[in-house]
Colleague: 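Below are the structure tokens for one structure; questions will follow.
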2 protein chains.
Amino acid sequence: MERMTIIDIAKMCGVGVTTVSRAMNNHPDISEETKAMIMKVIKENHYVPNNSARNLKRSASKTIAVLIKGITNPFFNHMIKVFEQEIQRKKYSFFLQRVDENQDEIEVAIELEKEKRLKGIVFLGGYFSHSQEKLNQLTVPFVLSTIGMTEEFDLNNYSSVSVDDFKESYRMVDYLCNQGHTKIAIITAAMDDVSIGKLRYEGYKQALKDNGIDYNAQLVWCMKENIESYTMENGYTVTKEMLETKEEFTAIYAISDNLAVGACRAIIEAGKRVPEDYSVAGFDGLDISFYYNPSLTTMKQPVVEMAEETIKILFDLINKKITHSHKIFPAELIVRESTRSLL
Amino acid sequence: MERMTIIDIAKMCGVGVTTVSRAMNNHPDISEETKAMIMKVIKENHYVPNNSARNLKRSASKTIAVLIKGITNPFFNHMIKVFEQEIQRKKYSFFLQRVDENQDEIEVAIELEKEKRLKGIVFLGGYFSHSQEKLNQLTVPFVLSTIGMTEEFDLNNYSSVSVDDFKESYRMVDYLCNQGHTKIAIITAAMDDVSIGKLRYEGYKQALKDNGIDYNAQLVWCMKENIESYTMENGYTVTKEMLETKEEFTAIYAISDNLAVGACRAIIEAGKRVPEDYSVAGFDGLDISFYYNPSLTTMKQPVVEMAEETIKILFDLINKKITHSHKIFPAELIVRESTRSLL
DNA sequence: TTGTAGGCGTTATCAA
DNA sequence: TTGATAACGCCTACAA
């Protein structure tokens with residue numbers, strides 16, 4: 001009773017295990033009545049087949065895994081929904097696995113691929129600085145979605161979907177400059193970041209340069225290492241420090257909306273106003289950027305389109321229609337209440 | 001090469017499979033040198049054992065699964081972190097599984113229990129209206145954490161950790177009344193909700209009653225069914241409609257902070273101010289309630305303590321120290337900028 | 001249409 | 001300290 005197996009069911013039904021298996025897996029060659037009878041017994045006895053045994057035996061399953069780094073990010077919620085939808089529409093099943101910040105997503109993927117006999121993998125978010133050798137251990141197609149990549153990677157070895165973090169970051173800062181801001185502080189990732197943090201920071205530097213503004217290291221602030229990154233709390237803490245400094249600035253560019261929200265709160269708490277005293281700009285286009293007060297100027301990533309494209313590429317890869325593909329989506333500069341013109 | 005098994009490794013090392021297994025699983029009776037040698041070969045060949053086979057064979061694993069309903073909720077993030085920490089501190093491994101809104105968490109749990117040979121389960125969030133019969137199919141201990149339960153359940157059949165949603169909701173509305181508000185609108189769950197939505201709504205009604213305020217159905221608004229529940233968008237949409245009505249009110253009580261944020265934005269967009277024109281109160285004590293502008297009056301759930309207690313109870317259950325336990329934590333009424341007194 | 005038996009990759013048992 | 005071998009629970013040729 002404790003642990004029922006397919007054999008128990010077979011015995012109870014007075015049939016062979018094969019027949020039970022057929023009934024459960026919707027095989028064609030089984031009579032409707034025996035099938036119904038078996039299913040009834042299964043229901044009544046609450047028999048649940050053991051997935052491990054299934055996966056072990058099955059040579060291949062039609063499942064796609066989505067590995068998401070740092071589940072905290074609300075940015076992913078919309079994307080996940082699209083993934084799930086699209087994958088199910090293709091009659092594949094969908095497996096979502098969160099990967100911890102300090103876990104190696106490739107290792108998780110390798111293990112999962114074997115365990116679940118995956119057909120494909122989507123890596124969502126995070127950095128990506130793995131050795132080619134490791135990547136090669138993945139024998140099924142995979143797509144890197146919204147992942148900052150260092151450029152050393154051979155583009156022929158993987159597929160990806162993302163925005164151009166450098167360029168879009170540049171656009172944001174360029175916009176700020178065009179509004180007359182010359183003292184633009186940035187809240188960015190740690191200096192040793194090699195991912196989107198670095199790219200967005202580089203975009204900032206370049207935009208300043210092209211606008212004839214001298215780079216001022218006093219205006220570059222990194223997220224606190226001891227606080228979870230890309231959180232409101234982090235933006236808040238950094239901005240508070242920033243405001244205690246006597247360094248002058250008229251705008252803060254936070255490389256994510258969450259940081260921007262934290263920055264706004266710090267400014268307000270200091271008795272200043274956004275955007276009258278300080279303009280604040282974010283990045284990502286999260287929901288909160290619309291609902292916050294003041295609403296946040298941001299760079300909106302086309303999450304739905306990106307998610308759809310991710311799945312499209314993945315299935316093209318699976319069906320061997322393409323070799324590798326890199327799709328860059330344009331982000332949309334949304335100007336809202338949190339920034340103002342100085343001109 | 002494609003698919004390496006333990007046998008391949010054994011051959012390469014010139015040992016038996018048992019020895020390889022021993023090396024991998026830190027068994028005591030194996031010499032350090034052979035172990036080192038085997039591990040080296042494994043590393044070099046990137047051999048990764050198949051988890052399905054392991055789970056199938058292993059009679060029991062030391063793993064705890066956390067099933068979380070609707071991953072969207074930022075409320076859970078802090079809790080998850082605590083879970084992970086505590087579980088690892090007990091030398092158990094931690095498996096997080098998201099359960100879709102319209103999926104049956106018990107069924108997922110039953111399957112997972114067999115597949116992974118779980119030692120315990122934490123159900124996080126969502127409603128809980130399952131038959132006793134179904135619950136009985138779970139053969140390992142489980143704890144319901146922050147889950148709204150209908151009262152028909154026999155308390156001797158499960159353990160739980162939560163706040164008293166009815167009472168704390170009552171307190172919030174009572175506070176509003178004490179501030180002189182008599183026309184208090186509520187944004188709540190659908191009327192057929194049987195979970196925290198219902199409990200918080202009942203608390204609202206009772207508080208009004210006890211304050212001698214007539215219940216006004218015109219002031220009761222439910223989340224839109226066609227928009228994801230408990231989102232800013234939902235609160236925003238509902239509040240917009242609310243404002244178009246000529247029904248008067250001085251305060252909005254949203255049964256979650258996210259809804260409250262949406263409500264604020266709708267009010268601001270209508271050219272009104274919070275709290276001067278309308279007071280807005282939330283529930284949960286999410287980060288955003290602190291960072292929003294105006295900061296939100298809310299009922300803060302002691303998430304860390306609740307998470308710790310959840311794990312404590314679970315392990316007590318596993319170690320048969322207790323039978324069943326129900327821990328109710330007090331929430332904290334945090335008064336901030338979004339509400340004002342009318343007196 | 002149904003049943004028997006072998007194997008999926010591991011770990012546990014027992015003997016060496 | 002090691003190694004052969006029997007499970008673990010299921011699926012699937014193949015046979016009936």
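Note on naming: letters A, B, ... go to the chains in the order of the sequence lines (proteins, then strands), and numbering restarts at 1 for each one.
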Colleague: I'd like to check the ring pair (Phe, Tyr, Trp, His ring centres under 6.0 Å) partners of A:H27; sequence neighbours left out, ordered by chain and number.
Modeller: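 A:H27 satisfies ring pair (Phe, Tyr, Trp, His ring centres under 6.0 Å) with no residue once adjacent residues are dropped.
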Colleague: Listed by chain and number, what are the salt bridge (Lys or Arg N to Asp or Glu O under 4.0 Å) partners of A:K312, not counting sequence neighbours?
Modeller: A:D316
Colleague: In whole angstroms, how far is the P atom of D:dC10 from the CG atom of A:N25?
Modeller: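 Checked: the CG to P distance equals 11 Å.
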Colleague: Kindly state which residues belonging to residues 8-17 of chain A come within less than 4.0 angstrom of DNA chain C, counting heavy atoms of the residue only, listed by number.
Modeller: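 Going residue by residue through residues 8-17 of chain A, the ones with a heavy atom under 4.0 Å of DNA chain C turn out to be A:G14, A:V15, A:G16, A:V17.
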Colleague: Any heavy-atom pair between the side chains of A:M79 and A:T146 that's under 4.5 Å?
Modeller: yes
Colleague: What pairs with A:F123 under ring pair (Phe, Tyr, Trp, His ring centres under 6.0 Å), at least two apart in sequence or on another chain?
Modeller: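 Partners of A:F123 by the ring pair (Phe, Tyr, Trp, His ring centres under 6.0 Å) criterion, ordered by chain and then number, come out as A:F128, A:F142.
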Colleague: With rounding to the nearest 0.5 Å, note down the distance linking CG in B:D8 to CG in B:N45.
Modeller: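 The CG atom of B:D8 sits 9.0 Å away from the CG atom of B:N45.
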Colleague: In chain order, what residues pass the side-chain contact (heavy atoms from CB on, under 4.5 Å) check against B:S93, with sequence neighbours excluded?
Modeller: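 If we apply the side-chain contact (heavy atoms from CB on, under 4.5 Å) test to B:S93, skipping adjacent residues, the hits are B:T63.
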Colleague: In residues 47-55 of chain A, which ones come under 4.0 Å of DNA chain D, going by heavy atoms?
Modeller: A:Y47, A:P49, A:N50, A:A53, A:R54
Colleague: How bent is the helix from C:dT1-D:dA16 to C:dA16-D:dT1, comparing axes over its five end pairs at each side, to the nearest 10°?
Modeller: 40°
Colleague: Which residue pairs satisfy the ring pair (Phe, Tyr, Trp, His ring centres under 6.0 Å) criterion with at least one member in residues 80-100 of chain B, sequence neighbours excluded?
Modeller: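 Sorted pair list: B:Y92-B:F315.
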Colleague: B:K114 NZ to D:dG9 C1': how many Å, rounded?
Modeller: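 Computing the B:K114:NZ to D:dG9:C1' distance gives 10 Å.
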Colleague: Is B:S21 close enough to C:dT11 that one of its side-chain N or O atoms is under 4.0 Å from OP1 or OP2 there?
Modeller: yes
Colleague: Can you tell me how far the CG atom of A:L314 sits from the CD atom of A:E309, to the nearest 0.5 Å?
Modeller: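 Those atoms lie 11.5 Å apart.
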Colleague: How is B:L56 classified with respect to the nucleic acid when contacts are heavy atoms under 4.0 Å: base, sugar-phosphate, or nothing?
Modeller: base
Colleague: Do any side-chain nitrogens or oxygens of B:H27 fall under 4.0 Å of OP1 or OP2 in C:dA12?
Modeller: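 Yes, B:H27 has a side-chain N/O under 4.0 Å of OP1/OP2 on C:dA12.
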Colleague: Under 4.0 Å: is that the gap between some side-chain N or O of A:S31 and OP1 or OP2 of C:dT2?
Modeller: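 Indeed, a polar side-chain atom of A:S31 lies that close.
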Colleague: So which protein nitrogen or oxygen atoms get under 3.5 Å of nucleotides 13-16 of chain D's nitrogens or oxygens?
Modeller:
none

Colleague: Please list all pairs meeting salt bridge (charged side-chain N to carboxylate O under 4.0 Å, His left out) that have one or both residues in residues 13-26 of chain B, counting only residues at least two apart or in different chains.
Modeller: B:R22-B:D29
Colleague: Nearest whole angstrom, please: distance from the C1' of C:dT1 to the CD of A:E33.
Modeller: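 The answer, rounded to whole Å, is 11 Å.
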Colleague: Is a salt bridge present between B:K134 and B:E107, judged by a nitrogen-to-oxygen distance below 4.0 Å?
Modeller: yes
Colleague: Could you pull out all residues at least two apart from A:E113 that satisfy salt bridge (Lys or Arg N to Asp or Glu O under 4.0 Å)?
Modeller: none
Colleague: Nearest-Å distance, CD (A:E115) to C1' (C:dC8)?
Modeller: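 One finds 14 Å between C1' of C:dC8 and CD of A:E115, rounded.
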Colleague: For A:D100, give me all partners under salt bridge (Lys or Arg N to Asp or Glu O under 4.0 Å), at least two apart in sequence or on another chain.
Modeller: A:R98
Colleague: Is A:E84 salt-bridged to A:K81, cutoff N-O under 4.0 Å?
Modeller: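 The answer is no: the pair does not qualify as a salt bridge.
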